[in-house]
Amino acid sequence: MDYREKATILVTEKISDNMGGYKETEIELKTIKCKVAPYTVKSIDSKGREISYSLNKLFTKEKILDDLDSDFSVLYSGKRYKKVSIADYGKCYMVIMERDD
């Protein structure tokens, strides 16, 4: 698999406002080399209708975060995506992500 595409990992950082609260700021953590593949998910709702929607799978060899359970967003091809799930396969990571409008 070729990792020619690039994506930017975005994380939310909490900055104290010195009054007991905080402000949230989004920062770019790093840019990774990756391969992105779209796929369609089909399911049936409670009325028996078929619903389909599109998700993307991002594959990379680079370590994304130390804690894989942390939330992050991905900026890919000028569009913002949120992480649905992540899997560590030893040789690569797979992130399932959906469009975050």
For this session: Would you mind reporting whether Asp66 and Lys63 have side-chain heavy atoms less than 4.5 Å apart?
Result: yes
For this session: Could you give me the CA-CA distance, side-chain angles and deciding distance for Phe72 and Ile9, then say whether side chain to side chain contact (heavy atoms under 4.5 Å, CB included) is met?
Result: CA-CA 7 Å; Phe72 61 89; Ile9 305 299; 4.0 Å; yes
Exercise. Are Ile32 and Ile96 connected in the hydrophobic side-chain network, where two residues link if heavy atoms are under 4.5 Å apart?
Worked result: no
Exercise. Taking the side chain as C-beta and beyond, is there a heavy-atom pair between Leu10 and Arg80 under 4.5 Å?
Worked result: yes
Problem set entry | Test log, rule side chain to side chain contact (heavy atoms under 4.5 Å, CB included), inputs Val36 and Tyr76 | CA-CA 9 Å; Val36 176; Tyr76 169 73; 3.7 Å; yes
Exercise. Looking only at heavy atoms, what is the nearest atom pair of Gly90 and Asp88, with distance?
Worked result: N-OD1, 2.9 Å
For this session: Take Asp71 and Lys83, measure what side chain to side chain contact (heavy atoms under 4.5 Å, CB included) needs, and give me the verdict at the end.
Result: CA-CA 7 Å; Asp71 285 332; Lys83 175 191 85 163; 4.3 Å; yes
Problem set entry | Ionic contact status for Lys33 with Glu62, cut-off 4.0 Å | no
Seminar exercise, completed: Exactly one of Leu29, Val74, Val95 clears side chain to side chain contact (heavy atoms under 4.5 Å, CB included) with Ile64, and that residue is Val95
Exercise. Got a salt bridge between Lys82 and Glu98, using NZ or NE/NH1/NH2 to carboxylate O under 4.0 Å?
Worked result: yes
For this session: Starting at OG of Ser73, measure out to CD of Glu28 and round the result to the nearest 0.5 Å.
Result: 11.5 Å
Problem set entry | Validation row: Leu75, Tyr81 side chains within 4.5 angstrom (heavy atoms) | no
For this session: Before accepting this row, confirm whether a basic side-chain N of the pair Glu13/Lys23 lies closer than 4.0 Å to the acidic partner's carboxylate O.
Result: no
Exercise. What are the two closest heavy atoms between Thr60 and Cys34, and how far apart are they?
Worked result: CB-CB, 4.3 Å
Exercise. Do Val84 and Leu65 share a hydrophobic cluster (ILVMFWY, side-chain heavy atoms under 4.5 Å, transitive)?
Worked result: no
Exercise. Do Ile44 and Tyr53 share a hydrophobic cluster (ILVMFWY, side-chain heavy atoms under 4.5 Å, transitive)?
Worked result: no
Exercise. Which atoms form the tightest heavy-atom contact between Lys61 and Tyr3, and what is the distance?
Worked result: CE-CE1, 3.4 Å
Exercise. Quick check: are there more than 12 heavy atoms from other residues, nucleotides or ligands sitting under 6.0 Å from NZ of Lys6?
Worked result: no
Problem set entry | Common cluster, Leu55/Tyr89, ILVMFWY with side-chain heavy-atom separation under 4.5 Å | yes
Problem set entry | pair Leu58-Met97: side-chain heavy atoms closer than 4.5 Å | yes
For this session: Look at Arg4 together with Asp2 and state whether they make a salt bridge at an N to O cut-off of under 4.0 Å.
Result: yes
For this session: Answer yes or no: is there a side-chain heavy-atom contact under 4.5 Å between Ile15 and Tyr22?
Result: no
